[in-house]
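Single-structure report; data block below.
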Amino acid sequence: MTRHDTQRNPSPVLTHESLGPMRVPTFDDVRSASERISAYVVRTPLVRSPVLDHIAGAPVWLKAENLQVTGSFKARGAFNAVLRLSEAERQRGVVAYSTGNHGQAIAWAARCLGVPATIVMPIDAPRNKVDRALAHGARVVHYDRRHESREAIGMRLLQDSGGTLVPPGDHPDVLAAQGTVALEALDALPPAARENLGTFAAPCGGGGLLAGCGLVLNALQPDARIAAVEPFGFDDTARSLHSGRREVNDPAARSLADALQAATPAELPFEINRHFLSEAWSVTDEEIGCAIRFALTELRMVVEPGGAVALAAVLAGRLKPGSKDTLVVLSGGNVDMTLLATLMRADDRRGPVERPS
């Protein structure tokens, strides 16, 4: 765990090391994004479970982004970014790099809006995510994430096509729309629960989801703690908050949570997160597997490993609500079915979930 004391708001402009000056989005950008994307994305529900409340010892509200268009919250940022393109930019197309969910989302948004899309994806990305990007009409370019830079490949493709880069984290329109997850969740909370809200917890890879949501929580719920949850071995955000600079993960690290295997926090999200995040936790593959099984058996929902890490932190006792309500984001549901079957078979060796009497 890393606790971070928030002292000031982010600077309005960031000088990105490779993309140059970049606007830092604001809460007003989140509200504008909410209106812009409303016709294209799902207003996902808040879900409660008596069993989960019993385990946590307090009310837990789950924002079910696994039920979102394309199966993850990434659809929000993808649509907002593509909708913001000029007609000339749309004709030249977009380039995105992604471990899977952002690529699917860009492919879907581009298809809906008639925009050519090229997605740079790792060769070890889950096949289901690659297939869906292809099914939406995108061109997929593979790379080896251990030895090649997706950013460098993306820049070469941009030079060839004249298109627009839409990265998963370092893009103000993407981050602003990811913040609509928190905007919707706070709006849907009953007044008493919102008044008693203690913690907002979400999965963290590059940090874009938490950065967008941090803008909302800072404006509307400033007393709530904001917690990042990462896979064990990919705790770069926790270490970066501690050191004050963007730390890099061990290239040999592995995790079930393929969607969260960022090499280092994205620059724009970290500029926001270093001001607003209260703490960061990491969870093991075993704990992630337990959360996936819990979601399927108790919630009747499919959640992918990366989407389940914040739930895993609650179930494992990392996040302790005390007497406060907690908001937890289930960020995606695009799990490989073979992996899901393997994880469910492992449940046969475990005891029953403790239930309220």
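Note that this is a predicted model, so its numbers are computed, not measured. Numbers here simply count residues along the sequence, with the first being 1.
The residues R84 and E89 are annotated as not salt-bridged, no charged nitrogen and carboxylate oxygen being separated by less than 4.0 angstrom. Here D336 does not pair with K129 in a salt bridge; the nearest charged N to carboxylate O distance is not below 4.0 Å. Between E151 and R156 no salt bridge is recorded (no basic side-chain N to carboxylate O distance below 4.0 Å). A salt bridge between R194 and D325 is absent, with no side-chain N of the basic residue lying under 4.0 Å from a carboxylate O of the acidic one. A salt bridge links D29 with R23: at least one charged nitrogen is closer than 4.0 Å to a carboxylate oxygen. A salt bridge is defined here as a Lys NZ or Arg NE, NH1 or NH2 lying under 4.0 Å from an Asp or Glu carboxylate O, and D236 with R239 fails to meet this definition. Between D223 and K324, none of the side-chain N atoms (NZ, or NE/NH1/NH2) sits under 4.0 Å from a carboxylate O, so this pair counts as no salt bridge.
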Side chain to side chain contact (heavy atoms under 4.5 Å, CB included) between M121 and V141, intermediate numbers included: CA-CA 6 Å; M121 302 179 77; V141 175; over 6 Å; no

Worked check of side chain to side chain contact (heavy atoms under 4.5 Å, CB included) between N128 and V335: CA-CA 8 Å; N128 62 319; V335 64; 5.9 Å; no

Derivation of the side chain to side chain contact (heavy atoms under 4.5 Å, CB included) call for K63 and L46: CA-CA 5 Å; K63 179 63 167 165; L46 288 182; 4.0 Å; yes

Test log, rule salt bridge (Lys or Arg N to Asp or Glu O under 4.0 Å), inputs E65 and K74: CA-CA 9 Å; E65 284 294 293; K74 296 284 190 178; over 6 Å; no

CA sep, side-chain torsions, deciding dist, call: F270, T264, side chain to side chain contact (heavy atoms under 4.5 Å, CB included): CA-CA 10 Å; F270 185 65; T264 186; over 6 Å; no

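The shortest side-chain heavy-atom distance between R245 and S240 does not fall under the 4.5 Å cut-off. Side-chain contact between L186 and L217: present, with at least one pair of heavy atoms (C-beta onward) separated by less than 4.5 Å. Side-chain contact between L83 and R90 is present, with heavy atoms from C-beta onward closer than 4.5 Å. Considering only heavy atoms from C-beta on, H16 comes within 4.5 Å of D170 through its side chain. Residues L260 and V309 meet the side-chain proximity criterion, which asks for heavy atoms closer than 4.5 Å. Put simply, the side chain of L67 reaches to within 4.5 Å of the side chain of P45, judged on heavy atoms. Looking at R246 and T237, their side chains never come closer than 4.5 Å, going by heavy atoms from C-beta outward. Under the 4.5 Å side-chain criterion, counting only non-hydrogen atoms from C-beta, R146 is in contact with D124.
With hydrogens and angles disregarded, a donor-acceptor distance shorter than 3.5 Å links the side chain of S161 to the backbone of G163. The backbone N or O of T338 lies less than 3.5 Å from a partner atom in the side chain of T342, making a donor-acceptor pair. The backbone N or O of V41 sits nowhere less than 3.5 Å from a side-chain atom of Q68 that would complete a donor-acceptor pair. Panel note: side chain T284, backbone E287; a donor-acceptor pair is recorded below 3.5 Å. Side-chain N or O atoms of S278 include none that pairs as donor or acceptor with a backbone N or O of R225 at under 3.5 Å. In this structure, Q178 contributes its side chain and G77 its backbone to a donor-acceptor pair below 3.5 Å. The closest donor-acceptor contact from the side chain of E230 to the backbone of A238 lies under 3.5 Å. Counting only distance, with no hydrogens or angles, the side chain of D144 and the backbone of I123 share no donor-acceptor pair below 3.5 Å.
Both V115 and V69 sit in one connected hydrophobic cluster of ILVMFWY residues. Membership requires side-chain heavy atoms under 4.5 Å apart, directly or through other members. Grouping the Ile, Leu, Val, Met, Phe, Trp and Tyr side chains by contacts below 4.5 angstrom, directly or via other members, places L165 with L268. At a threshold of 4.5 Å between side-chain heavy atoms, the hydrophobic network of Ile, Leu, Val, Met, Phe, Trp and Tyr places V140 and V166 in one connected group. Taken together through direct or relayed side-chain contacts under 4.5 Å among Ile, Leu, Val, Met, Phe, Trp and Tyr, L183 and V181 form part of one hydrophobic cluster. Cluster membership for V216 and I37, using ILVMFWY side-chain heavy atoms within less than 4.5 angstrom, is not shared.
Counted by atom type alone, E304 and N101 present one or more donor-acceptor pairs between their side chains at under 3.5 Å. When only modelled atom types and interatomic distance are considered, N9 and H275 share no side-chain donor-acceptor pair under 3.5 Å.
Nearest heavy atom pair, residue P203 against residue L209, reads O-CD2, 4.1 Å. Scanning both residues, Q261 and A253, for their nearest heavy atoms gives OE1-O, 4.3 Å. The shortest non-hydrogen separation linking I272 to P10 is CA-CG, 3.9 Å. The minimum heavy-atom distance between A135 and R111, with the atom names listed, is O-NH1, 3.5 Å. In terms of heavy atoms, L319 sits closest to E279 at CD2-OE2, 3.8 Å. Here the closest heavy-atom approach between residue F294 and residue S49 is recorded as CZ-OG, 4.0 Å.
Heavy atoms of other residues, nucleotides or ligands lying less than 6.0 angstrom from CZ of F27 number more than 12. Shown here is E148, whose CD atom has more than 12 heavy atoms of other residues, nucleotides or ligands within 6.0 Å.
One distance of note links CZ of R293 with CG of L340; it measures 10.0 Å at 0.5 Å rounding. Separation of atoms CG (N66) and OG1 (T44) is listed at 8.0 Å; rounding is to 0.5 Å. Once rounded to the nearest 0.5 Å, the distance linking NE2 of H102 with OH of Y97 reads 8.5 Å. One distance of note links CG of N80 with OG of S32; it measures 8.5 Å at 0.5 Å rounding. Once rounded to the nearest 0.5 Å, the distance linking OG of S149 with OH of Y143 reads 8.0 Å. A distance of 12.5 Å separates CZ in R254 from CG in L256, rounded to the nearest 0.5 Å.
Among the candidates P122, P167, P168, the single residue satisfying the side-chain contact (heavy atoms from CB on, under 4.5 Å) test with R150 is P168.
Ring geometry for W108 versus H136: interplanar angle of 30 to 60°, hence tilted.
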